Protein chains: 2
Amino acid sequence: MPIAEQKKQAANGSGNESGTLDRYSLGERLRQIRKENGWTLVEVAKRSGLATSTVSKVERGLMSLAYDRFMQLADGLEVDVSELFTPEGESFAPESFAITRAGEAGHHETDLYVYDMLGADLSHKQMVPMFGIIRAHDVRDFSEFVKHPGEEFLMVLEGELEVHIEGREPVQLGVHDSIYFDSGMGHLYVSAGKKDTKIIVVCAHSSAARNNVQT
Amino acid sequence: MPIAEQKKQAANGSGNESGTLDRYSLGERLRQIRKENGWTLVEVAKRSGLATSTVSKVERGLMSLAYDRFMQLADGLEVDVSELFTPEGESFAPESFAITRAGEAGHHETDLYVYDMLGADLSHKQMVPMFGIIRAHDVRDFSEFVKHPGEEFLMVLEGELEVHIEGREPVQLGVHDSIYFDSGMGHLYVSAGKKDTKIIVVCAHSSAARNNVQT
DNA sequence: AGCATAATTTTCCTATAGGAAAAAAGTCAA
DNA sequence: TTGACTTTTTTCCTATAGGAAAATTATGCT
């Protein structure tokens, strides 16, 4: 079988529905990384402990490396393996930045709280910062705990906050007190004083998000 | 060769210096994931399109899957491939939380700023939240821009802040104004008014940190 | 226990991974 | 252009991946 045909056969599409790459596209990516660093096949082969021919074949999508060899190669190219599986487009755009003026943020309001989404015009960011006003003053205002995979940070700016975390005693937070916790645990905020409490909340969505999801 | 010996041979250590797993440990992990979801080998085989025998062998470290098959298996187990390469210990401990009272935070002080590290007793968290007081009032107080891979969020709590980002015009931020940006860009903060500015900063370290590093 | 059924492991076999070395294809200086 | 050298591709060959199905080992069930 002529080489050219194998290539064509592998090259039907550069990726699939999910975030993964077929071996042909993966090869292109690996070659690109190698070129960027100005390394030759022989150099990478030496660094990774693989045969030169092997590296060449992988880069052209003629071969699909087994798990352990794959790790070796990634090591030789000095790339973190998980990066190879993160498609380019899903990462935060480098050099991007966004300013959100007080009061100009995307507004989200209910009886229980007001949330201003900050930096909302940036997508794929790791953190979701919000400015919030907690109108709820009683846990019974909520029907259930909030929970979402990831981590959450909160600081009280004004007022007194009562943080309820499922299975724990409520915690009182005053001005400039803060809390950091696993947001996978059920949680709720209520204002403790007479006035509504102003807070700043930053969520980080876990990369392991799919872990606990059951479809 | 008896099966038992192959096992022993593969089981010399459960991981290596870097964050990667050998095929034996990887297998254990995969099996664990499968069990957690209550799936049988046959089910996973069907989901992933691999042969039952293959899945069995992989789980016992008798076989090392090629790249494409590996993706299929991960798909069948409904796990993100990159998660498999993130060692257990490096993730944020579930159910953990930490409260930092105002003024009780880990203090870090220089002529130019004061930083209180919040939630400092938690390790491996995705975000690093800080409360800061910017004493610097002139860009020339700094010898160079600060830059670190990842993303940064900042909100002004008190005073007026001037944010300098390398290659851009300085930005003025008033109380409750905020900014979100790629912290890989050089950046600096100086107080714009007479008084020192109080801010809250949250950094998220990029998982793609090694991307730009050249050794 | 003994039988039935489900889950896992082994066997057996072919296709592919992957190394060593030869061949081919650049690259560049004289 | 020719020759010396570097980089990449092909060939050839053995060890392993990986599927189908048989064999074995749970896990009930009456």
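Just so it is clear: chains get the letters A, B, ... in the order the sequence lines come, proteins before strands, and each one is counted from 1. Nothing here was measured: the structure is a model prediction, and the numbers come from that model.
Shown here is A:His148, whose NE2 atom has more than 12 heavy atoms of other residues, nucleotides or ligands within 6.0 Å.
Defined by atom type and a distance below 3.5 Å, a donor-acceptor pair is present between the side-chain atoms of B:Tyr180 and B:Glu151. Neither side chain, B:Glu28 nor B:Gln32, offers a donor N or O lying under 3.5 Å from an acceptor on the other. Using modelled atom types and a 3.5 Å distance limit, the side chains of B:Asp182 and A:Ser96 yield no donor-acceptor pair.
Residue A:Lys46 is classed as having no contact, given no heavy-atom separation below 4.0 Å to the nucleic acid. In this structure, B:Thr40 reaches the sugar-phosphate backbone alone: every heavy-atom distance under 4.0 Å involves primed, P, OP1 or OP2 atoms, never a base.
A rotation axis mapping the C1' atoms of four pairs onto the next four is fitted at both ends of the helix from C:dA1-D:dT30 to C:dA30-D:dT1 over five pairs, and the angle between these axes is 30° to 10 degrees.
Rounded to whole angstrom, the span from the CZ atom of A:Arg34 across to the C1' atom of D:dT6 amounts to 13 Å. The distance between atom CD of B:Glu59 and atom C1' of C:dT8, rounded to the nearest whole Å, is 10 Å. In this structure, CG of B:Leu41 is placed 16 Å from C1' of D:dA20, rounded to the nearest angstrom.
The ring of B:Phe145 has its center no closer than 6.0 angstrom to the ring center of B:His187.
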What does the list of N/O pairs under 3.5 Å between the protein and nucleotides 16-19 of chain C look like, with a distance for each?
from   : atom 1 : to      : atom 2 : distance (Å)
C:dA17 : OP1    : A:Ser64 : N      : 3.2
C:dG18 : OP1    : A:Ala66 : N      : 3.3
C:dG18 : OP2    : A:Ala66 : N      : 3.1
C:dG19 : OP1    : A:Arg69 : NH1    : 3.3
C:dG19 : OP2    : A:Ala51 : N      : 3.0
C:dG19 : OP2    : A:Thr54 : OG1    : 2.1
C:dG19 : O6     : A:Lys57 : NZ     : 2.8

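Remark: A:Arg60 is in phosphate contact with D:dT10, judged by side-chain N or O atoms under 4.0 Å from OP1 or OP2.
Rounding to the nearest 0.5 angstrom, the gap separating the CZ atom in B:Arg47 from the CG atom in B:Asn37 is 7.5 Å. Here the straight-line distance linking atom OH of A:Tyr189 with atom CD1 of A:Ile179 works out to 7.0 Å at 0.5 Å rounding.
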Would you give me the side-chain donor-acceptor pairs under 3.5 Å for residues 51-58 of chain A, sequence neighbours excluded?
from    : atom 1 : to      : atom 2 : distance (Å)
A:Ser56 : OG     : A:Arg60 : NE     : 3.4
A:Ser56 : OG     : A:Arg60 : NH2    : 3.0

